[in-house]
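Per chain, numbering begins at 1; letters A, B, ... match sequence-line order.
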Amino acid sequence: MPFFQQVYALTRSIPMGKVTTYGELAKALGTRDARRVGHALHANPDQSTPCHRVVSKDGRLAPNYAFGGNLEQRAKLIEEEVTFLDQEHVDLKKHLYRPTPPDL
DNA sequence: CCGTTGACCCTTC
DNA sequence: AGAAGGGCCAACG
């Protein structure tokens, strides 16, 4: 399975009200390169992948969110009942979700 | 085809 | 405590 597909799979595997980080996804997939994870989500063809549930290690949202910008991303997270520390940071202490590698 | 860039993170100085 | 460097690889010019 392509790396991208694994990223999409784990991202879709994130339950509602939960958020994960690029690093967690990268490590879960067996690599340190979180950039590919980010790039994969950016290259995401459509909303089939909830990239709004994927944030940076500090809980910061993506500066160049694919659909409608980080405003839409934040709105979706709020719809998921995810609490925000500020306009760009989610509460990882409450909503940090750790993905599980599909082939491990 | 080669070089640079990049939704990033972690370790060492 | 902060700064610098290493990693790993696809997409863009």
For A:Leu29 and C:dC8, what is the distance between atoms CG and C1' respectively, to the nearest whole Å? 13 Å

Quick one: label A:Phe3 by what it contacts on the DNA or RNA (base, sugar-phosphate, nothing), any heavy atom closer than 4.0 Å. nothing

Gap between atoms CZ and P, on A:Arg74 and B:dA7 respectively (whole Å): 21 Å

What is the distance from CZ of A:Phe4 to C1' of C:dC8, rounded to the nearest Å? 13 Å

Interatomic distance where CZ belongs to A:Arg32 and P belongs to B:dC10 [whole Å]: 10 Å

Starting from the 5' end of DNA chain C, give me the residue, A:Ala43 or A:Ala34, whose nearest nucleotide shows up first. A:Ala34

Specify the separation, in whole Å, of atom NE2 of A:His42 and atom P of B:dT5. 18 Å

Report the distance from atom CG of A:Asn44 to atom P of B:dG6, rounded to the nearest whole Å. 20 Å

Mind calculating the distance between CD (A:Gln6) and P (C:dA10) to the nearest angstrom? 13 Å

Taken to the nearest whole Å, CG/A:Leu61 to P/B:dC8 is 12 Å

Less than 4.5 Å apart, any side-chain heavy atom of A:Thr31 and any of A:Val37? no

Pick the P atom in B:dA7 and in C:dA3, then give their distance to the nearest Å. 22 Å

Does A:Ala66 reach a base, just sugar-phosphate, or nothing at all? Heavy atoms under 4.0 Å. base

Do A:His52 and A:Tyr65 have side chains that get closer than 4.5 Å, going by heavy atoms? yes

Decide yes or no on side-chain contact (heavy atoms from CB on, under 4.5 Å) for A:Met16 and A:Arg53, but give the supporting numbers first. CA-CA 9 Å; A:Met16 302 182 69; A:Arg53 292 184 193 155; 3.6 Å; yes

A:Asp33, nearest nucleotide to its side chain (from C:dC9, B:dC8, B:dA7): C:dC9

Out of C:dC8, B:dC9, B:dC10, which has the shortest distance to the side chain of A:Lys27? B:dC10

With the side chain defined as heavy atoms from C-beta on, A:Arg36 is closest, among C:dG7, B:dA7, C:dC9, to C:dC9

Close side-chain approach of A:Val55 and A:Leu92, heavy atoms under 4.5 Å: yes

Flag if over 12 foreign heavy atoms under 6.0 Å of CZ, A:Arg12: yes

Of the listed C:dA11, B:dC10, C:dG7, the closest approach to the A:Arg35 side chain comes from C:dG7

